[in-house]
Asks: 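So that we are looking at the same thing, I have put the structure below in structure tokens.
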Amino acid sequence: MSKIISSSIARKVSMALSALFLLVFLLQHFTINITSVFSPDTFNEWSHFMGNNPFVQFLAQPILIFGVVFHFVMGFILEAKNRAARGPVGYAKYAGGENASWMSRNMLISGLVILAFLILHFIDFWFPEMNYKYIEVLPEDPTRYYHETVEKFHSPLRVGAYVIAFILLALHLLHGFQSAFQSMGFNNKYTPLLKKLGKAYAILIPLGFIFIAVFHHFNGH
């Protein structure tokens, strides 16, 4: 771990790998959640499988939590190193978009908001799940997941928080997707394709999550 932190190249590559890992998870998470809009039974079935499969619970889930923590810690380290390298002058001569885009200069801010959203998401879903299974040890109920999910979106404040978080996630991904592949050493000839893929993913996936939250807010009433 100390070698990763001390090496500039290792920091960027490890940040990119953790980002790609989280992108895969986000796509998988969206694939399951979108079924709640079209088929409550399918959503219950998939959620029950994910919530009770030993591989997912005791291997994949700890790896995911580690990946999230690692990505944010490494992001803070990279930001601190970049600020130290820029020195006290920083962007004093910044002129429009000549030096860097707004998002590239504010990845830490969007990252902190997304982290706050993840904490809210854990409080809304992960903590109750752990309480249900391991603290209260309630009977297994494969049909409970859809109702519990819809209930979380009754509050307009919570839905608003989700919408804001996913808008910032989209902006975060628009910059982070391409940066991750560049850090992995992809040749410049792939840049146009990566930009298109990055824009499509960064817009469609967060928009899909927003649609899910808004749909259940209005349809649930």
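The figures that follow rest on heavy atoms only: side chains count, while hydrogens, waters and symmetry mates do not.
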Asks: Flag yes if V137 and W126 sit in one hydrophobic cluster, no otherwise; membership is Ile, Leu, Val, Met, Phe, Trp, Tyr, and two members link when side-chain heavy atoms are under 4.5 Å apart.
Replies: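 Hydrophobic grouping puts V137 apart from W126.
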Asks: Hey, would you say the F153 and F215 ring centroids sit under 6.0 Å apart?
Replies: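 No, ring centres 6.0 Å or more apart.
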Asks: To check you understand the geometry: which heavy-atom pair defines the closest contact between D124 and K152, and what is its length?
Replies: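 Heavy atoms of D124 and K152 come nearest at O-CE, 2.9 Å.
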Asks: Are Y162 and F117 close enough that their ring centres sit under 6.0 Å apart?
Replies: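 They qualify: ring centres under 6.0 Å apart.
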Asks: Evaluate whether atom CZ of F55 has more than 12 neighbouring non-hydrogen atoms of other residues, nucleotides or ligands under 6.0 angstrom away.
Replies: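 12 or below, so no.
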Asks: Decide whether H216 and T149 meet the rule of one side-chain donor and one side-chain acceptor closer than 3.5 Å.
Replies: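 There is no such pair between these side chains.
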Asks: Do E129 and F122 come close enough that some side-chain heavy atom pair is under 4.5 Å?
Replies: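 Result no, sub-4.5 Å side-chain heavy-atom pair not found.
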Asks: When you compare the side chain of H48 with that of T143, does any pair of heavy atoms fall below 4.5 Å?
Replies: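 A side-chain contact is absent here, since even the closest heavy-atom pair is not under 4.5 Å.
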Asks: Side chain to side chain contact (heavy atoms under 4.5 Å, CB included) with F43: which of S47, P40, S39?
Replies: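 Of all the options given, the one that passes is S47.
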Asks: Kindly work out whether a path of hydrophobic side-chain contacts (I/L/V/M/F/W/Y, heavy atoms less than 4.5 Å apart) joins L207 to F166.
Replies: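 No, it is not one cluster - the side chains of L207 and F166 are not joined through contacts under 4.5 Å.
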Asks: I'd like to know whether the aromatic ring centres of F209 and F30 sit less than 6.0 Å apart in this structure.
Replies: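 Close enough - the centres of the two rings lie under 6.0 Å apart.
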Asks: Are L23 and L173 packed together at the side-chain level, in the sense that at least one heavy-atom pair is separated by less than 4.5 angstrom?
Replies: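 Contact flag for L23/L173 side chains = yes.
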